[in-house]
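Here is the naming used below: chain letters follow the sequence lines, and residue numbers restart at 1 for every chain.
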Number of protein chains: 2
Amino acid sequence: MSSKQAKPQKPGKAASISDVARESGVSIFTVSAVVNNKSHVGKNLRERVEEAIRKLNYRPNLIARSLIKQKTQTIGMIVPDIVNPFFPMVVRGAEDAAQKQGYNLLLCNSDDSLAKEETAIELLLSKRVDGILLTKAAGEFSPSLRQMIKEMNIPFVLVMRTYPQLTKDAVISDDYQGAYEAVCHLARSGRRRIGLISGPLKISNAKERWRGFRKALEEKKLPYEPDLVVEGDYRIESGFRAGHALLSHRPDGIYVANHLMTIGLLKAVDEMGLKCPEDFGLVSFDDYPWLGVFRPRLTTVELPKHQLGSEAAELLIQRIGGNHGKPVLKKLLPELRIRESCGFAQFVSSEQRRASSPEPSTVSLANP
Amino acid sequence: MSSKQAKPQKPGKAASISDVARESGVSIFTVSAVVNNKSHVGKNLRERVEEAIRKLNYRPNLIARSLIKQKTQTIGMIVPDIVNPFFPMVVRGAEDAAQKQGYNLLLCNSDDSLAKEETAIELLLSKRVDGILLTKAAGEFSPSLRQMIKEMNIPFVLVMRTYPQLTKDAVISDDYQGAYEAVCHLARSGRRRIGLISGPLKISNAKERWRGFRKALEEKKLPYEPDLVVEGDYRIESGFRAGHALLSHRPDGIYVANHLMTIGLLKAVDEMGLKCPEDFGLVSFDDYPWLGVFRPRLTTVELPKHQLGSEAAELLIQRIGGNHGKPVLKKLLPELRIRESCGFAQFVSSEQRRASSPEPSTVSLANP
DNA sequence: GACGCGATTCAAAACGTTTAGGTCAACTCA
DNA sequence: TGAGTTGACCTAAACGTTTTGAATCGCGTC
């Protein structure tokens, strides 16, 4: 049939643009123009080229394109651990938003270790991702990494946790508010000695949740008892230990700063033969489908996980696109979902709350 | 200080190898040799180069390296939905293994849609990933995609689900065995009318679980009642609907083929005012930390999720490395974890079972 | 002094694109 | 007619690496 081309592309090797050019007897430029349908290409040439593309099953090599365009259409995303059920939805939100704008996600886990985080970032920078979505591990970057980030001039957007030394762009939940509402609800349901199982206070959102907790206590004129505050690490095991420590002091209310620690706590509760909500009221953070099966049904503060990811990705892509506006700190509103674990089904529907403040609070900070 | 270089790299732009070469007054080759510590570079030159690298904060551009080496050190991974709690651990396993060998993971969600899967694969191919880890959506690839895959000659490894038209390399769990054991356990605990909530039978593992179910019934001489078998789609909602349909026929045992559908089922159970294990025994697939909080404690068949991901990644990387040995189908053993949901705490410790077959079954198929 | 021979270093091609800066013919308009 | 203007198409440089084949050097050998 057709044995026209002098140097046919080898089998097991993708056709390149020059293969297509040779096959259709035009210049590389013309093929490129057809592929990106730029400038006007004559109808017959265009058809010849399209024919060749189909015949050779040609797809542009995005690596080469990245090299010349200095854009990879890839964003790096670093989360502490994709296995923590909080993050899949955030990642999914980011992926959905990224996908929609032609970006892909390179995923890394830091295990909340600064060292792993640094090597991940270095790798991502070497791979020339266009931007990075980061849920920062506790701790400060090394000077050389910081220097490199500055030189590369690549945008970061922080997710869930702030870290102003790196960038002011962040999409977080209003943790202060969420914790405040959680504790207020405990107070409203009659609890007076309220304990807290906190995340690592070096992490910004744990600190915020702690602040919200303090604020609510103060406002409700409840005592702050240091014995009733335990710092965990957001993992199950720490919730379990914290639970044992805390419950020995017999609080009548507990606010737990994340889901994993709640699981640990409930295990401790079980071991100690206590009952919720009879012995103590409980409000937890993050909501999940399987919570419907827990008994008692847990009252939780839900964070808009998907939205956290998608808005972060959208902001990042804007930055990549050259929007150098003021730094944006976007705080998304949490939602108190009242169920049974405080034993007091006061009806504050989430619709009501949403209605009173329909927009997520967006704060644009002046550059200090 | 030093204003030596003629064309210093612009600010906001990473130093390139030629910047380093200029700075240290050597050729590009020498820098490359130092960076990859290949061939012998004289001590003084080497030091000059290293000095310049540090000064300019140089890191090689992996895009350029990829272009010339025709390797990206990146593997694409396509899962149905990272939000399905089954997958994060699999992805994590893959990421850990990949990381260890210097590979990164480009993550895509297919939502079990063939169309999304195809566009994801096309994108990954264009990005020249070195290989793809795929949990196949139901359905057949289009001929053009299949052609392209063949031409590109890029290795695939299937995860959790087989699809022999694409490749025989797969890492899956022994679903037949898992389902078989689940149903046998139901039978042993005295259940006679056992129902099944199945995944989509077009998906290989759902089919296998169905087969295991049938086998156990047969072996235990239990009736197969079509009314007691409902096909879901592995999502919560379908488990809920299936639960309603199924429970109206009053089975005394149910085996559910995945966790999400179990959650749906339990919601239906609750609505119908039934009790487990009094009214029916239950065995579910997949185990999770939060199951410790469910009451009754669920008896489940746990799949080695992390291992599924890591072994798949390792196999894939072997293929990338040029190992063209016989196709490998690796079946990992599931583990029956007996708890309370069958109301019969017959003690078959998982240690015992593991002891009898210490190696995961590895089957090397002859090329047909 | 010519030769050979490692060891070290270099210049240039290659990877597959995009794109700036051309060429060339056809058309427009005075 | 001829200068100008368009439109279609092309050539070649560039992106930042790796790698091949060649150049240079020091030095011992005959």
Audit row: B:T74, A:K127, side-chain hydrogen bond (donor to acceptor under 3.5 Å, both in side chains) steps and yes/no
CA-CA 10 Å; B:T74 304; A:K127 287 212 166 170; 2.8 Å; yes
For the pair made of NZ in A:K69 and P in C:dC15, what is the distance, rounded to whole Å?
22 Å
Length of the CZ-P vector between B:F29 and C:dA14, whole Å
18 Å
Please report, rounded to the nearest Å, how far the P atom of C:dT18 is from the CD1 atom of B:I63.
14 Å
Heavy atoms only, 4.0 Å cut-off, all strands: where does A:S27 land among base, sugar-phosphate and nothing?
base
Report the distance from atom CZ of A:R65 to atom P of D:dG16, rounded to the nearest whole Å.
18 Å
Indicate whether OP1 or OP2 belonging to D:dG7 is found under 4.0 Å from a side-chain N or O atom of A:H40.
no
Any B:T30 side-chain nitrogen or oxygen under 4.0 Å from OP1 or OP2 of C:dC10:
yes
Of B:L67 and B:L45, the one whose closest nucleotide on DNA chain C sits nearer the 5' end is B:L45
Assign A:L62 to base, sugar-phosphate, or nothing according to its heavy-atom contacts below 4.0 angstrom with the strands shown.
nothing
Aromatic ring centroids of A:F141 and A:Y163 under 6.0 Å?
yes
Look at A:K13 together with A:D19 and state whether they make a salt bridge at an N to O cut-off of under 4.0 Å.
no
Just the rounded figure in Å: distance from P of D:dC9 to CZ of A:R46.
9 Å
Nearest-neighbour nucleotide for the A:V26 side chain, D:dT18, C:dT9, D:dC10 considered:
D:dC10
Short side-chain N/O contact from A:K43 to OP1 or OP2 of D:dG7, under 4.0 Å
no
Nucleotide D:dA14, atom P - distance to CD1 of A:I68 in whole Å:
10 Å
Does the pair A:R48 and A:N44 meet the rule for a side chain to side chain contact (heavy atoms under 4.5 Å, CB included), with working shown?
CA-CA 6 Å; A:R48 277 228 306 278; A:N44 44 350; 5.6 Å; no
From CA spacing to verdict: side-chain hydrogen bond (donor to acceptor under 3.5 Å, both in side chains), B:Q318, B:E314:
CA-CA 6 Å; B:Q318 273 190 31; B:E314 278 161 13; over 6 Å; no
Hey, does the side chain of B:Q70 come within less than 4.0 Å of C:dA14's phosphate (OP1/OP2), counting only N and O?
no
Reckon B:K38 touches a base, only the sugar-phosphate, or nothing at all at heavy-atom distances under 4.0 Å?
sugar-phosphate
Round to a whole Å and report the spacing from CZ of A:R48 to P of D:dA8.
16 Å
Would you say C:dC15 has OP1 or OP2 under 4.0 Å from some side-chain N or O of A:N61?
no
Please give, in whole Å, the distance from D:dC15 P to A:K127 NZ?
23 Å
Reckon B:I28 touches a base, only the sugar-phosphate, or nothing at all at heavy-atom distances under 4.0 Å?
base
